[in-house]
Every structure is written in structure tokens, then in C-alpha cells.
Number of protein chains: 2
Amino acid sequence: MTRKTRQEMLTETRAKLVSAARQAFGTIGYADTSMDDLTASVGLTRGALYHHFGDKKGLLAEVVKQIDAEMDEKLATISTEAENAWEGFVCRCRAYLAMALEPEIQRIVLRDAPSILGNAYWQSSQSQCLATMAETLRQLMEDGMIVKTDHEALARLLNGGLADTAFWLANSDAPEADLSKALQSLTALLNGLLLTKEPLK
Amino acid sequence: MTRKTRQEMLTETRAKLVSAARQAFGTIGYADTSMDDLTASVGLTRGALYHHFGDKKGLLAEVVKQIDAEMDEKLATISTEAENAWEGFVCRCRAYLAMALEPEIQRIVLRDAPSILGNAYWQSSQSQCLATMAETLRQLMEDGMIVKTDHEALARLLNGGLADTAFWLANSDAPEADLSKALQSLTALLNGLLLTKEPLK
DNA sequence: TGGATTGACATACGTCGCGTATGTTTTTAT
DNA sequence: ATAAAAACATACGCGACGTATGTCAATCCA
């Protein structure tokens, strides 16, 4: 049973570090998080950190990876619960906007990560969320529901717009009012892609 | 004439620091730019830096402010050169995408600034570019050319999408091909907003 | 016009945080 | 059972930021 203990300790250590980092990065931010304090808060030293993740950026990358996977999973369940593909896509966009409003996601994934890890990190299939959205769009085009263009580029346009809108909403003086405005504009934008004569309200 | 000399030295010192910072931030990035090296490169020390801009962030804010003003000015001339308001808006979006592809803008304004200065910096009328775009949309709505929604939210959606698309293009393996894809998808998205029966190709 | 004052820097210093290099202990492999 | 490797801890050097203080020239005022 010692064998299992070894592995458990291993993964537990990694999990503790990632969890603590996620908490710290999401609140005080990446730059202001001391690796000394971070590791000490879970009863370790920087030695463990650099052994497992290479450097501070490596830890951030791991946190981002975890969050991205969670987001993609949640969005997947949401979009599949809808009655049809188009509804699912619209719900997915709205859900993404809601998630992008969470301080943790906003700070870590949308603000610090691009600056620290570089945009190359989001390239191709690095971001599950983005890849899934592009695939969904491709399907909708194939089914003739929306206008035919490059699905990857369109996914970027929509995804980036939602993220930026979330930034706007996060600092809004009237969050609930601006949120409804955002959802309204989003609907207008998405309906513009529809090929059917009767867009849903 | 000594009076003028005093002022000239003042503004010249600030200009030199901002210029050097813009160069350094745009190439090696904000985090990797040493204020010692930066000030030394223009024959000064950190004393001058902290005297004029308070801290490192203050210098970045000044650089961002300058770039944003330049972008807004360029975009303004571009959009007014078009034959009609809608054409002007479309050209403006395309021009913004092109500008967002410049490494300096991408690195400083779109990547580092949000992380370092926070999103609050872009709030309301902090970003001239964004404010102008929102106003343009408002006009188009008032003229009945595009669908009526909240112009500010729509500006966010489009602006953010363009910025994110620029990130994608910057790391593309086939930049020219992907750029045409992006422009095509952008056209599709914008045409969806049009209320007229005959969208332009 | 000459001394006082303010502004525009330079210099010196302390502190913090990262990364690396080097142990040390425990587990795994043979 | 011993060698090897993993999983950390410890110690060190280095650079960078911010602040506190000093200095010199320009401006202002009597």
C-alpha cells in the first residue's frame, strides 16, 4: 500500500499547490502573489514548486488549464441541454458571458494569462472552450442554419467579444441593467448570423 | 528665453521616457523591462522616472494613453474618408483589426495593459477608440441602418472580438490566409446587423 | 540683482522575490 | 540489500522596485 501512498502524496501536493495558486491568483493576482508565501501556506517551500512546475509561469499554466477544462465541461452540458443546436449555441454564449463575469476567471484566464503566458498559449487547441465553440459553429454552418464563413475566425470574434463584454460588465455601475443590455446586443448579433426567416427573440 | 528652456527640457524629458518605454514595452514587454536600463538608455536615472510618473505603472499608463489617442485619430480619418456611414464603420473595423496586428499595440495595449492597469482603466471613456466606436454605432442605429440595441454593449462585443481575432492572426501559421478568413467572417457578422435588404459583399 | 524657494533630477539604501544549485530523505527497482 | 531516482528542503546570488535623501539649477520676489 506504500505504492499508492506515494502517488497519493504526489497528486495531493500538486493539487494543494494548484488550489492555493488558483485562490491567490484569482484574488490578489499573479504579479502580487509571492511563491514563498504561496508554498508556505500549504506547508511546503519553493523547492516543491519548482520541482513540479518548473517556474511560476508553469504553475499559472496549470491553473489555467484546470479552469479552462472546467469551463468547457460546464458549457458542454449547458449547450446539450437545449432543444436544438441553435438554442444550445445561444445558451452557450450566454453561459460563457456569465462565467466570464466571475472574478477568478476574469483575473486569471482573461487578464493575467494572456499577458504572462502569451497569446500563443491560446493558439489552436490549447483552449478547449474556443475549440468547442468553433466546432459548434462548423456544425451549424454545415446544417445550413447560419451563414457560411470560416468557423475558427467567427469563434474568435464571438468569444473575444464576450470576454471583453464581461470586463465591461465587471466594472459597471449598474451591473444588472448593463447585463441585460449586453444580452440584448448579443442576441441581435447572433440573430444576424441566422439564415432562417424567423429569428427567435 | 530661459523660461522656455525650462519647459522644453521638462517636456523633452517626459517625451524621451515615454518614447523609450513605448519601444521597450512593445518589444521585450512590460515585465521584462528594467527601469534602470530604461532610464539609462536616455541618459537619466530612475529618479526622473518616479518624479514624473510616480511608478512603473504610471509610465505604462502614459504610453497607453498616447497610443490610444493615436489609434483613435487614425481610425477617425479612415472612417470619415468612406462614402457613407456604414462603409465608414466597416472600414473602421477592418482598420482596427489591422492596427491590432501591430506587435506594439498588441503587446502594450491589448495584453499587458489590462493585466497591469486593470480593466477599470478601459472603463467608460478611458479608451477613446471604444468611445468613438460606440458613438458611431449609435448614429447608425439612429439612422435606421442597423438593428437597434445598446450601442455601448455592441461596441464592446465587436471591439473585443476584433482584438481577440488579432491575437489569433498574430500567431497564425498562415497569416495572409487567416486574415482573409477573419475579414470574411467579420463581414458576415457585420452584415447581420444591417437592416437593408442588400448587404454589400 | 541677489537671496530664498521650488522644481527636476541623481544617489544611496533597504527589501523582496525569483531562479538555481545543492543537499537530504524516502521510495522504487533489481 | 543496495543503487538509483523521485520529492522535496535549504542556501545563495542576483536583479528590480520603491523610497528617502541630497544636489544643482532655474525661477521668483524684494
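Numbers restart at 1 for each chain; the letters A, B, ... are given by sequence-line order, proteins then strands. These figures come from a predicted structure and were not determined experimentally. All heavy atoms count here, side chains included; hydrogens, waters and symmetry mates do not.
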Crowding at [atom1], [X] (>12 non-hydrogen neighbours, <6.0 Å):
{"X": "B:Glu102", "atom1": "CD", "value": "yes"}
{"X": "B:Lys16", "atom1": "NZ", "value": "yes"}
{"X": "B:Lys57", "atom1": "NZ", "value": "no"}

Open item on the list: Below 4.0 angstrom, which residues in residues 40-49 of chain B have at least one non-hydrogen atom near DNA chain D?
Closed with: B:Arg46
Is [X] salt-bridged to [Y], going by a charged N under 4.0 Å from an acidic O?
{"X": "A:Arg22", "Y": "A:Glu104", "result": "yes"}
{"X": "B:Arg138", "Y": "B:Glu142", "result": "yes"}
{"X": "B:Lys181", "Y": "B:Asp178", "result": "yes"}

Task: B:Arg46 CZ to B:Thr39 OG1 distance, which is reported to the nearest 0.5 Å - done: 7.0 Å
Could you give the [atom1]-to-[atom2] distance, from [X] to [N], as a whole number of Å?
{"X": "B:Phe53", "N": "C:dA8", "atom1": "CZ", "atom2": "P", "value": "12 Å"}
{"X": "A:Lys56", "N": "C:dG17", "atom1": "NZ", "atom2": "P", "value": "9 Å"}
{"X": "A:Asp36", "N": "C:dC18", "atom1": "CG", "atom2": "P", "value": "7 Å"}
{"X": "A:Tyr50", "N": "D:dC8", "atom1": "OH", "atom2": "P", "value": "16 Å"}
{"X": "B:Asp32", "N": "C:dC18", "atom1": "CG", "atom2": "C1'", "value": "12 Å"}
{"X": "B:Lys57", "N": "D:dA16", "atom1": "NZ", "atom2": "C1'", "value": "15 Å"}
{"X": "A:Leu10", "N": "C:dT25", "atom1": "CG", "atom2": "P", "value": "21 Å"}
{"X": "A:Leu38", "N": "C:dC16", "atom1": "CG", "atom2": "P", "value": "17 Å"}

Task: Distance-only polar pair, side chains of A:Asp150 and B:Ser185, donor-acceptor under 3.5 Å - done: no
- [ ] Describe the nucleic acid contact of A:Thr33 in one word from base, sugar-phosphate, nothing, applying a heavy-atom distance below 4.0 Å.
- [x] sugar-phosphate
Distances for protein N or O near nucleotides 21-24 of chain D N or O, under 3.5 Å:
none

Open item on the list: For a quick test of reading the model: is some side-chain N or O of B:His51 closer than 4.0 Å to OP1 or OP2 of C:dG7?
Closed with: no
Open item on the list: Heavy atoms from C-beta onward define the side chain here; which of C:dC9, D:dC8, D:dA16 lies closest to that of A:Thr13?
Closed with: D:dC8
- [ ] May I ask you to decide if A:Ala100's main-chain N or O and A:Gln106's side chain share a donor-acceptor pair within less than 3.5 Å?
- [x] yes
